[in-house]
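The next block holds one structure in the form of structure tokens; read it before the comments.
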Number of protein chains: 2
Amino acid sequence: MHINEPKSQLIRKTMDSPDEVREVTEIMLAIFRINGRLLERGDDLVRPLGIASAQWQVLGAVSLAEKPLSAPQIAEAMGITRQGVQKQLNRMLKDNLFEKLPNPRHERSSLYRPTPKGEHVYSEAMRRETLWAHDLAKGLPGPALRETLDLLKNFLRRLDIPLPDEGDRR
Amino acid sequence: MHINEPKSQLIRKTMDSPDEVREVTEIMLAIFRINGRLLERGDDLVRPLGIASAQWQVLGAVSLAEKPLSAPQIAEAMGITRQGVQKQLNRMLKDNLFEKLPNPRHERSSLYRPTPKGEHVYSEAMRRETLWAHDLAKGLPGPALRETLDLLKNFLRRLDIPLPDEGDRR
DNA sequence: ACGGAATTGGAAATGGGTTGTCAATCATTA
DNA sequence: TAATGATTGACAACCCATTTCCAATTCCGT
């Protein structure tokens with residue numbers, strides 16, 4: 001930067017890589033839309049099983065751990081708050097999808113384990129998800145799938161970096 | 001399908017293209033996570049301006065139209081319900097970001113137009129978004145960006161196709 | 001011009017999530 | 001051991017969206 005003109009900042013931002021900036025923005029919008037659709041379709045997928053996506057997710061987190069977990073542990077695994085998880089757990093206790101186990105390490109904080117019914121509902125949900133993913137994958141070019149997955153992971157990693165501080169730009 | 005064995009269904013689903021199915025599933029999970037992050041970061045981005053992402057979106061929809069819109073029109077443009085839009089509008093009326101105009105075509109259904117303050121907040125939000133997108137784009141390979149955007153659009157299109165009916169599989 | 005159908009705002013209930021507070025239970029360490 | 005600090009469940013309030021219901025308005029076909 002040998003020239004120090006006043007508007008170098010704006011020029012740099014808008015002219016550096018206009019296509020890439022536009023594409024990133026469009027990817028964001030696409031992700032918002034896809035996220036909404038996925039939630040809808042996911043609910044459709046498991047509604048016949050009597051659960052919603054939120055419950056499916058909780059079942060998934062505990063099944064993945066392969067051992068009973070406490071509410072805060074599930075929340076940690078899912079990346080949401082323990083209160084949010086607790087709401088789902090309380091409902092699923094009523095629905096007999098989870099059962100409480102005494103926690104030897106904590107008197108008040110129970111462990112939660114899927115009941116046989118819960119296990120069955122979850123495996124059925126996963127079976128349906130596989131069929132669905134298969135149908136979605138059909139017709140999408142394999143190499144693009146791989147490249148997209150790579151880029152999305154990269155993108156996610158970059159979203160953890162704090163926002164560039166306005167004041168630091170010059 | 002000349003052989004009609006009982007489990008042909010499951011075998012077809014799990015063996016056809018296991019990698020692609022796994023990748024599609026991972027892409028879904030990545031999208032859930034990215035969506036969450038984007039909302040967080042988006043809120044961070046515009047919080048200094050005194051708005052949340054939801055308001056930003058409404059401002060965007062009306063700005064894009066370049067003319068005052070009614071609540072249902074905004075909802076239509078945003079793909080959410082009119083009630084949700086109305087809540088944001090009512091709040092933004094209080095915050096002096098929008099103003100009501102009489103609607104010559106409808107006595108009860110006012111048109112909404114950003115105030116000068118609203119215009120300013122929105123353009124400032126967009127300026128920040130561009131800076132942000134620029135920083136995100138830096139380091140992401142251009143060709144992969146393009147390919148990802150293409151695939152996501154394709155993916156979104158496929159999500160509009162109704163779920164394959166369980167009963168129809170054979 | 002009329003009447004039924006669609007649009008519209010408002011209110012309320014629901015869903016899935018958040019934050020915040022409180023009191024009880026751990027866990028740690030002086 | 002006793003005090004302190006972190007977890008934890010329960011509860012309440014809020015956010016953003018949904019659905020449902022109602023009443024008022026507008027639109028449209030006959």
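First the proteins, then the strands, lettered A, B, ... as listed; each starts at 1.
For B/N90, the listed nucleotide lying nearest its side chain is C/dG10; candidates were D/dG9, D/dC16, C/dG10. Listed candidates were D/dG9, C/dT8, C/dT25. Nearest to the side chain of A/P72 is D/dG9. Listed candidates were C/dG16, D/dG9, D/dA17. Nearest to the side chain of A/Q86 is D/dG9.
Regarding contacts with the backbone of C/dG17, every side-chain N or O of A/T81 stays at 4.0 angstrom or more from both OP1 and OP2. Distances shorter than 4.0 Å separate some side-chain N or O of A/H106 from OP1 or OP2 on C/dC26. Side-chain nitrogen and oxygen atoms of B/Q73 include none within less than 4.0 Å of the OP1 or OP2 phosphate oxygen of C/dT8. The side chain of A/S109 contributes no N or O atom lying less than 4.0 Å from OP1 or OP2 of D/dT7.
In this structure, B/W56 places its CH2 atom 15 Å from P of D/dC16, rounding to the nearest Å. If you measure from atom CZ of A/R47 to atom P of C/dT14, you get 18 Å, rounded to the nearest angstrom. Remark: P of C/dT8 and CG of B/L69 are 12 Å apart, rounded to the nearest angstrom. Atom-to-atom, CZ of A/R82 to C1' of C/dT21 comes out at 10 Å; the value is rounded to the nearest Å. Residue B/I51 contributes atom CD1, which lies 16 Å from atom C1' of D/dC15 at whole-angstrom precision. As rounded to whole Å, 13 Å separates atom P of C/dT19 from atom CG of B/L39. Residue B/E76 contributes atom CD, which lies 14 Å from atom P of C/dG9 at whole-angstrom precision. Remark: C1' of D/dC16 and CG of B/L38 are 17 Å apart, rounded to the nearest angstrom.
With hydrogens and angles ignored, a donor-acceptor pair closer than 3.5 Å exists between the side chain of A/Q83 and the base of C/dG20. Looking at A/K87, its side chain comes within 3.5 Å of the base of C/dG17 through a donor and an acceptor atom.
Rounding to the nearest 0.5 Å gives a distance of 10.5 Å between CZ of A/F98 and CD of A/Q88.
Note on B/K153 versus A/E26: salt bridge recorded, some NZ/NE/NH1/NH2 to OD/OE distance being below 4.0 Å.
With hydrogens and angles ignored, the 3.5 Å screen pairs no side-chain donor or acceptor of B/S70 with any backbone N or O of B/S109.
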How far apart are the C-alpha atoms of A/T148 and B/D150, what are their side-chain angles, what is the distance that settles it, and do they pass the side chain to side chain contact (heavy atoms under 4.5 Å, CB included) test?
CA-CA 9 Å; A/T148 294; B/D150 281 352; over 6 Å; no
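Residue-to-nucleotide proximity on DNA chain D shows that, of B/R91 and A/K100, the 5′-proximal contact is made by A/K100.
Both A/V24 and A/L29 belong to a common hydrophobic cluster when Ile, Leu, Val, Met, Phe, Trp and Tyr are linked at side-chain heavy-atom distances under 4.5 angstrom.
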